[in-house]
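Values reported hereafter were calculated over all heavy atoms of this structure, with side chains retained and with hydrogens, waters and symmetry mates removed.
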Amino acid sequence: MLTLLTLIWLLPSCRKPDKTPEPQTETITIGALLSLTGNWSTLGITSKAAIEIAVEEVNEYLRDAGSPYRLAADIADTKLDTAQALQHIKHFQESGYTFVIGPQSSAEAGAVKSFADANDMLVISQGSTAGSLSIEDDNLFRFCPADKIEGAAIARTMHQLAVRAVVTVARDDAGNRGLQTATGASFAALGGTVSAIPAYGTTVTDFSAVLAEIKSRIASLTGTYGTSGTGVYLASFDEFVNLFRQAAGDPVLESVRWYGSDGVALSAALVANTQASEFALKTSYFAPTFGLPLQAQSKWEPLTTAIRNKTGIAPDAFALAAYDAVWVIALSYHSAGEQPPFAQLKEAFVENANRYYGATGSTMLNNAGDRATGTFDYWGIVYENGSYKWKLTGRSE
């Protein structure tokens, strides 16, 4: 009996192993240009987490679908600096990358656009809004609405709140200047009065002169429209925290409502500064960010939780647009076939973007390669349980 049992146990080891060879795979690396340690790092940090989560999920999907492709991400810190963005995209090109997610600002997107066009690279920005970059047949795509849509939304909201005159000011970069122009034009079209201040430099840290000019414009407008009918619109990045800190305590600057842009909504830098947060609270400040559709809540809600757990920061729709971009890139490779030429891959990207419905809803593009539609969530500052926090205060129609 012992001999028989021994033979039975040994028999399987004598058989040739039944192995199904693993299919050969090709790893496609996506470059990412994000501000991780510089201005607007809130979006950079949450976008990085969104991309990493998407890559992990996409690779599971591609494996189950029998695709020969797998994705990886190479994430570079631009610090919101145009020179660094250009330097990093050149490195990506030398490394053979075709797709780049980001950069998140319009100034950076404008700096890398010509290089991408000349080198068959597709750039998908999750945060650039400047209307000046809405150009057909180029290689820059944007998974967020351009400034005309956001400008019209915030202008309409201010007008609905009985504001009839607004002082507008912006940081001197393409995206924020574009928002200042678009918001002012939309507000004027509604019959409002616009007093536009020249944009301040990107390296300004002392806002005394800017605040003195804003204060002068407020004094002029409130004589006609009163404090309740006058507002200030500021298109900026995280430097607005210093501006608010310096404005805190001024009775004229605190007498009217202030409104912001997408570059500051949910900024971790603001809620970390008591003086600036108090100014925001006193002026009923709120800022719009690209909105998340309720119809897609089952997609974005768990993703938002995962990113918050990973970073400690609540992501906005711009960050989730980076997640959706990874999925559209993956689907484009999957549908274009093995080793597609650039023109075919670009065509597949547009086709997949136009039919994809993800965490931010439909990613359908217009003729310029920008997101075709969009609504906006408005975030304001509240003081709860001993700390300042961002809180959803409304949505655009």
How long is the gap from CG on L243 to OG1 on T205, to the nearest 0.5 Å?
11.5 Å
Compare every heavy atom of G374 with every heavy atom of I149, then report the nearest pair and how far apart it is.
CG2-O, 3.8 Å
Contact between F141 and L365 at the side-chain level, heavy atoms closer than 4.5 Å - yes or no?
yes
Which pairs pass salt bridge (charged side-chain N to carboxylate O under 4.0 Å, His left out) with one or both residues in residues 372-385, sequence neighbours excluded?
D377-R395, E384-K391
Do the charged groups of D77 and K79 touch, with an N to O distance under 4.0 Å?
yes
Give the ring-plane orientation class for F286 versus Y378, where under 30° counts as parallel, over 60° as perpendicular and anything between as tilted.
tilted
Heavy-atom side-chain contact between P145 and F376 under 4.5 Å
yes
Side chains of D370 and S134: do they bring a donor and an acceptor to under 3.5 Å?
yes
With a 4.5 Å cut-off on side-chain heavy atoms, are L211 and D250 touching?
no
State the CG-CG distance between D81 and L86, to the nearest 0.5 angstrom.
10.0 Å
Quick one: CG on N176 to CD on E239, what's the gap to the nearest 0.5 Å?
7.0 Å
Please step through side-chain contact (heavy atoms from CB on, under 4.5 Å) for the pair I329 and I124, ending with a clear verdict.
CA-CA 10 Å; I329 290 169; I124 305 102; 4.0 Å; yes
Measure the spacing between CG of N39 and OG of S236 and express it to the nearest 0.5 Å.
8.5 Å
Do R217 and E213 meet the salt-bridge criterion of a basic N to acidic O distance under 4.0 Å?
yes
Can you find a pair of side-chain heavy atoms, one from V100 and one from I30, that are under 4.5 Å apart?
no
If I take atom CG from residue L33 and atom CG from residue L36, how far apart are they, to the nearest 0.5 angstrom?
10.0 Å
Which is it for T305 and N309 under the side-chain contact (heavy atoms from CB on, under 4.5 Å) test, yes or no, and what are the steps along the way?
CA-CA 6 Å; T305 300; N309 290 341; 3.6 Å; yes
Among Y388, Y285, W258, which residue satisfies the ring-ring contact (aromatic ring centres under 6.0 Å, His included) criterion with F279?
W258
Under 3.5 Å, is there a donor-acceptor pair linking the side chains of D74 and Y97?
yes
Testing the 3.5 Å rule here: is there a donor-acceptor pair between the side chains of Q104 and S35?
no
Before giving the answer on side-chain contact (heavy atoms from CB on, under 4.5 Å), spell out for R156 and S186 the whole-Å C-alpha distance, their side-chain angles and the decisive distance to 0.1 Å.
CA-CA 8 Å; R156 186 167 57 250; S186 294; over 6 Å; no
Short side-chain donor-acceptor distance under 3.5 Å, R164 and T230:
no
Polar side chain donor-acceptor pair, T168 to Q180, under 3.5 angstrom
yes
Answer yes if the side chains of Y323 and E57 hold a donor-acceptor pair under 3.5 Å, and no otherwise.
yes
Would one find more than 12 heavy atoms of other residues, nucleotides or ligands at under 6.0 Å from atom CD of Q344?
yes
So do the side chains of S387 and V271 get within less than 4.5 Å of each other, counting heavy atoms only?
no
Examine distances only and state if a side-chain atom of E150 and a backbone atom of D262 form a donor-acceptor pair shorter than 3.5 Å.
yes
Under the salt bridge (charged side-chain N to carboxylate O under 4.0 Å, His left out) rule, what pairs show up with a residue in residues 100-118, not counting sequence neighbours?
K113-D117, K113-D138
Y225-T193 side chain donor-acceptor pair, cut-off 3.5 Å
yes
Which atom of A336 lies closest to which atom of L345, heavy atoms considered:
CB-CD1, 4.3 Å
Can you find a pair of side-chain heavy atoms, one from L133 and one from L140, that are under 4.5 Å apart?
yes
With L34, the side chain to side chain contact (heavy atoms under 4.5 Å, CB included) member among I51, I45, T46
I51
Correct closest heavy-atom pair for A107 and A174 would be N-CB, 4.3 Å
Can you check whether Y259 and Y233 have ring centres sitting under 6.0 Å from each other?
no
Do Q126 and C144 come close enough that some side-chain heavy atom pair is under 4.5 Å?
no
Do R371 and F290 touch side chain to side chain, with heavy atoms closer than 4.5 Å?
yes
For the residue pair F240 and L234, what are the closest heavy atoms and their distance?
CB-CD2, 3.9 Å
Any side-chain donor near an acceptor of the partner, S335 and N352, under 3.5 Å
yes
How close do A322 and I101 get, heavy atom to heavy atom, and via which atoms?
O-CD1, 3.9 Å
Can you check side-chain contact (heavy atoms from CB on, under 4.5 Å) on K389 and Y383, steps first, answer last?
CA-CA 6 Å; K389 300 175 182 177; Y383 186 75; over 6 Å; no
State plainly whether the residues E26 and R70 are in salt-bridge range, i.e. N to O under 4.0 Å.
no
Over 12 foreign heavy atoms within 6.0 Å of CD, Q339
no
Using the ring-ring contact (aromatic ring centres under 6.0 Å, His included) rule, take F99 and F349 through it: C-alpha gap first, then chi angles, then the decisive distance, then the call.
CA-CA 10 Å; F99 281 98; F349 176 80; 5.6 Å; yes
Residue pair Q93 / D120, side-chain donor-acceptor N/O under 3.5 Å
no
Working to the nearest 0.5 angstrom, can you tell me the gap between M121 CE and N139 CG?
9.5 Å
Measure across S106 and G175 and return the closest heavy-atom pair with its distance rounded to 0.1 Å.
CB-N, 3.4 Å
